[in-house]
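Structure record follows, encoded as structure tokens.
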Protein chains: 2
Amino acid sequence: MAKSTIVALSTPSGIGAIALIRLSGLDAFAITQAIFKGKILSQQNSHTAHFGYIIDGQSIIDEVVVTIYKSPNSFTKENVVEIGCHGSSYIVQQIIKLLLKNGAEMAQPGEFTQRAFLNGRMDLAQAEAVADLIASETAASHATAINQMKGGFSKRIKQLREELIHFASMIELELDFSEEDVEFASREGFKSLLHKIQAVISPLIDSFDLGNVIKNGVPVVIAGRPNAGKSTLLNTLLNDERAIVSDIAGTTRDTIEEILVINGIQFRLIDTAGIREAQDQIEAIGISKSKLKVAQANLVMYVFDIELPVEEVIADVKNLDKQEEEVLLVANKSDKILSSKIPKAAIAISAKEGLQIEELKKALYDRVLGGKIAKSDSLITNLRHYEALRNTQTALENAQKGIDASISGDFLAMDIRQALFFLGEITGEITTDDLLENIFSKFCIGK
Amino acid sequence: MAKSTIVALSTPSGIGAIALIRLSGLDAFAITQAIFKGKILSQQNSHTAHFGYIIDGQSIIDEVVVTIYKSPNSFTKENVVEIGCHGSSYIVQQIIKLLLKNGAEMAQPGEFTQRAFLNGRMDLAQAEAVADLIASETAASHATAINQMKGGFSKRIKQLREELIHFASMIELELDFSEEDVEFASREGFKSLLHKIQAVISPLIDSFDLGNVIKNGVPVVIAGRPNAGKSTLLNTLLNDERAIVSDIAGTTRDTIEEILVINGIQFRLIDTAGIREAQDQIEAIGISKSKLKVAQANLVMYVFDIELPVEEVIADVKNLDKQEEEVLLVANKSDKILSSKIPKAAIAISAKEGLQIEELKKALYDRVLGGKIAKSDSLITNLRHYEALRNTQTALENAQKGIDASISGDFLAMDIRQALFFLGEITGEITTDDLLENIFSKFCIGK
């Protein structure tokens with residue numbers, strides 16, 4: 001248990017019915033007791049709540065409920081106190097000031113979770129999932145974060161790493177006896193372990209694209225000629241959905257982008273007004289910003305009037321300069337009588353009449369995620385994990401090549417050590433202060 | 001206990017480490033249990049916290065800590081459950097949706113406190129103090145709200161009301177035996193009770209001005225000729241104070257007013273830029289808005305250059321058209337060599353050099369509150385209480401006159417019933433649905 005006792009407001013700031021102030025550390029009970037008029041906290045059972053008053057000398061600051069969690073049965077595995085007071089900023093400030101005066105220290109961002117990690121309550125990937133969970137805004141990103149928080153892939157990585165450690169120690173043993181020319185570590189056994197590890201980490205690496213989509217959403221640029229009905233389509237898509245989106249209090253939106261949630265995945269719709277208004281024809285895209293948006297988009301939804309001659313549609317799409325699978329063709333105004341052919345790949349809709357909108361949404365979803373939602377529930381959503389896995393993969397490939405070339409044990413040991421290092425970085429068995437600070441500084445204070 | 005079980009988010013909305021969802025009602029445990037994977041809540045002791053998962057069928061929504069409070073040992077005196085989940089809007093929404101699906105109802109604003117009142121946990125004045133407490137931003141308004149929440153004056157009012165009820169029942173008895181011309185209720189005893197009640201409620205009525213000042217602050221208009229140094233003074237006052245004000249997170253400020261806190265009282269400084277910029281001379285006040293501000297202000301701080309001839313100062317002040325005690329004269333630029341007399345009542349300061357600023361603050365405070373902070377800690381801050389007390393006073397005065405004029409018992413009984421009604425309104429012994437709705441609808445949801 002850390003010697004210092006930290007304190008922070010753990011609920012969002014602002015006015016509300018209740019605010020929670022959390023303390024963690026060796027002296028959490030004693031520090032709280034110094035300003036608490038009520039039962040003797042240290043004599044109470046863990047996981048019990050106690051009514052009382054926070055006092056500053058003679059004056060009462062608030063009626064509160066104090067809940068105590070005794071080490072090691074708490075979030076941080078330390079002594080933890082939660083003070084539930086009235087949700088007034090003034091009161092919260094007064095109570096925190098009193099606690100600081102009595103020996104508590106202000107918690108750094110993420111310090112509670114960092115202590116939970118350092119005290120072995122969770123591994124690093126799980127700790128990172130806590131932040132993802134708090135930030136999650138859709139069903140899919142939430143499910144991924146929950147899975148990761150519950151252990152997810154990190155359990156398997158830990159297991160594999162242990163097997164690798166066992167092999168590494170055999171190799172090290174060989175090095176100690178290098179003059180004897182014995183082979184403690186079976187090269188065949190090592191090769192099959194390498195395969196096993198690769199079989200786990202390759203799908204994880206591959207899942208990053210999808211995981212990233214789930215966590216951060218899919219940017220979709222809407223392009224098309226003037227009067228193709230892009231704005232109407234955007235409105236139809238959003239009106240349909242807005243009730244659901246605004247139902248989630250606190251959902252933040254980028255001012256330029258509109259969020260459309262399909263099956264729990266965020267599609268960030270970006271209207272290319274610049275293209276539309278500045279120019280008459282899509283082939284004359286002149287504005288670099290809009291061009292850039294199209295170039296960066298995972299997906300371009302090209303909307304055209306169903307009466308536009310098919311060769312012009314094809315020419316427009318060619319000018320977008322995207323891969324075929326990156327463009328979704330949408331033939332709008334299907335309520336009009338169809339006088340010309342439309343490309344086979346296009347979906348005919350009517351934004352105005354709301355026809356085939358569900359089909360369009362399904363097409364959008366399938367184009368990005370079709371068949372990609374793996375049976376496995378292990379997805380990489382974190383760039384740090386992705387990079388560590390990639391580095392592991394490289395190290396293991398080098399080891400593999402080394403065995404094939406029958407290199408000596410000491411070179412092999414170097415590659416294995418590298419792989420162990422990178423695998424350990426994911427779950428936090430290997431950490432540096434910089435790494436920890438980088439991770440936890442992104443947390444909110446009080447977590 | 002109410003049959004319906006209500007639910008609401010009780011912590012401020014937004015992203016944070018922890019959010020608290022609160023349920024109250026007969027089925028609070030059963031409804032929570034339906035979505036909680038963990039211990040059997042109804043079998044646990046009151047005031048205990050339990051780790052577990054909120055589940056929706058097979059999928060986990062969140063890791064939570066559920067704290068249970070068994071009736072009648074809870075805030076509402078009903079069964080209460082607090083679910084501490086991760087502070088994500090998405091998770092909060094999901095959990096509340098699940099609880100609603102399982103039979104909970106969305107709480108109305110203030111409904112938890114309303115139930116606490118209806119179930120006898122607190123009287124109406126105490127319930128109202130909860131809202132004041134949450135809104136309190138200064139030490140003084142906080143202390144007043146805490147005192148009122150702890151019972152404050154309402155205990156005494158309840159006592160006096162019971163004595164009055166006793167007397168009323170004697171009078172009613174007289175009416176039953178009216179033909180016999182007996183006097184069960186001693187008129188002398190009643191007169192001394194009336195004195196006792198008046199002795200309690202008069203100071204309370206008188207305390208409303210002060211109570212209002214403590215709760216809502218004192219509007220102070222700063223007036224003066226151009227270049228008198230009003231802006232510099234405002235900055236000097238605020239710079240000195242701003243560190244303290246901004247220290248309190250979530251302090252809201254009116255955009256036009258600046259808040260200066262002196263000894264825990266808010267002074268809302270209003271700069272009359274209109275007067276200053278539109279006209280050269282204060283006697284030429286032409287802008288009705290500024291005039292109105294001056295007219296409405298509890299206090300006008302008239303700032304003048306220390307070199308301005310005293311007769312001109314007097315003429316300016318006369319033009320303000322305020323009572324003498326409503327104007328604080330501030331002779332600025334005291335760092336200059338003094339060549340003319342200044343009015344006796346004026347405080348000489350230097351805004352630029354920061355001279356005598358503490359003295360000015362003390363003068364501001366004393367002018368408004370000097371000698372008024374009563375020894376008694378009972379203050380009326382609520383307009384509703386003030387009006388009920390005033391109405392009580394009138395009814396009692398009528399009763400007094402009635403006795404003096406030896407009116408008959410039935411007329412006396414009417415006045416007493418009126419007094420009982422108004423006294424009962426304060427503590428909530430007499431309530432109407434309208435009254436309750438009016439009070440609790442101003443609460444936040446979740447309280």
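Chain letters run A, B, ... following the sequence lines, proteins first and then strands; every chain starts at 1.
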Less than 4.5 Å to any heavy atom of chain A: does that hold for the side chain of B:Ile61, its backbone, both, or neither?
both
Examine whether an atom of A:Leu9 lies under 4.5 Å from a heavy atom of chain B, and if so say whether it belongs to the side chain, the backbone or both; otherwise answer neither.
neither
Applying a strict 4.5 Å limit to non-hydrogen atoms, the region of A:Ile146 in contact with chain B is side chain
Toward chain B, the part of A:Leu133 with a non-hydrogen atom under 4.5 Å:
both
What part of A:Tyr69 is in contact with chain B, defined as an atom under 4.5 angstrom from a non-hydrogen atom: side chain, backbone, both or neither?
side chain
Counting heavy-atom pairs under 4.5 Å to chain A, which of B:Ile68, B:Thr11, B:Thr48, B:Ile18 comes out on top?
B:Ile18
Cut-off 4.5 Å, heavy atoms of chain A, and the answer for B:Tyr53 is side chain
Taking A:Lys150, A:His142, A:Glu63 one by one, which has the highest count of heavy-atom pairs under 4.5 Å against chain B?
A:His142
On a heavy-atom basis, which atom in A:Gly446 and which in B:Ala17 lie closest, and how many Å separate them?
O-CB, 3.2 Å
Contact origin within A:Ser59 toward chain B - heavy atom pairs under 4.5 Å:
neither
Heavy atoms from other residues, nucleotides or ligands near NZ of B:Lys155 exceed 12 (cutoff 6.0 Å):
no
B:Pro12: which of A:Ser13, A:Pro12, A:Ser89 passes side-chain contact (heavy atoms from CB on, under 4.5 Å)
A:Pro12
Between A:Ala139 and chain B, with a heavy-atom cut-off of 4.5 Å, which part of the residue counts as in contact: side chain, backbone, both or neither?
both
Once you round to the nearest 0.5 Å, how far does NZ of A:Lys39 lie from NE2 of B:His47?
7.0 Å
Under 4.5 Å heavy-atom distance to chain A, tell me which part of B:Leu20 shows up: side chain, backbone, both or neither.
side chain
Passes side chain to side chain contact (heavy atoms under 4.5 Å, CB included), A:His86 versus B:Met149? Steps please.
CA-CA 12 Å; A:His86 284 96; B:Met149 195 177 70; 3.9 Å; yes
Residue from B:Glu82, B:Arg22, B:His50 scoring the most non-hydrogen pairs under 4.5 Å with chain A is B:Arg22
Under a 4.5 Å cutoff for heavy-atom pairs, which residue among A:Ile445, A:Ile60, A:Thr113, A:Val92 has the most contacts with chain B?
A:Ile60
Can you give me the closest heavy-atom contact between A:Glu137 and B:Tyr90, atom names plus distance?
O-CD1, 3.4 Å
Side chain, backbone, both or neither of A:Asp62 within contact of chain B (heavy atoms, under 4.5 Å):
both
Structural part of A:Ile91 lying under 4.5 Å from a heavy atom of chain B
side chain
Less than 4.5 Å to any heavy atom of chain A: does that hold for the side chain of B:Val65, its backbone, both, or neither?
side chain
Over all heavy atoms of both residues, which pair between B:Ser88 and A:Ile134 is shortest? Give the atoms and the distance, please.
CB-O, 3.0 Å
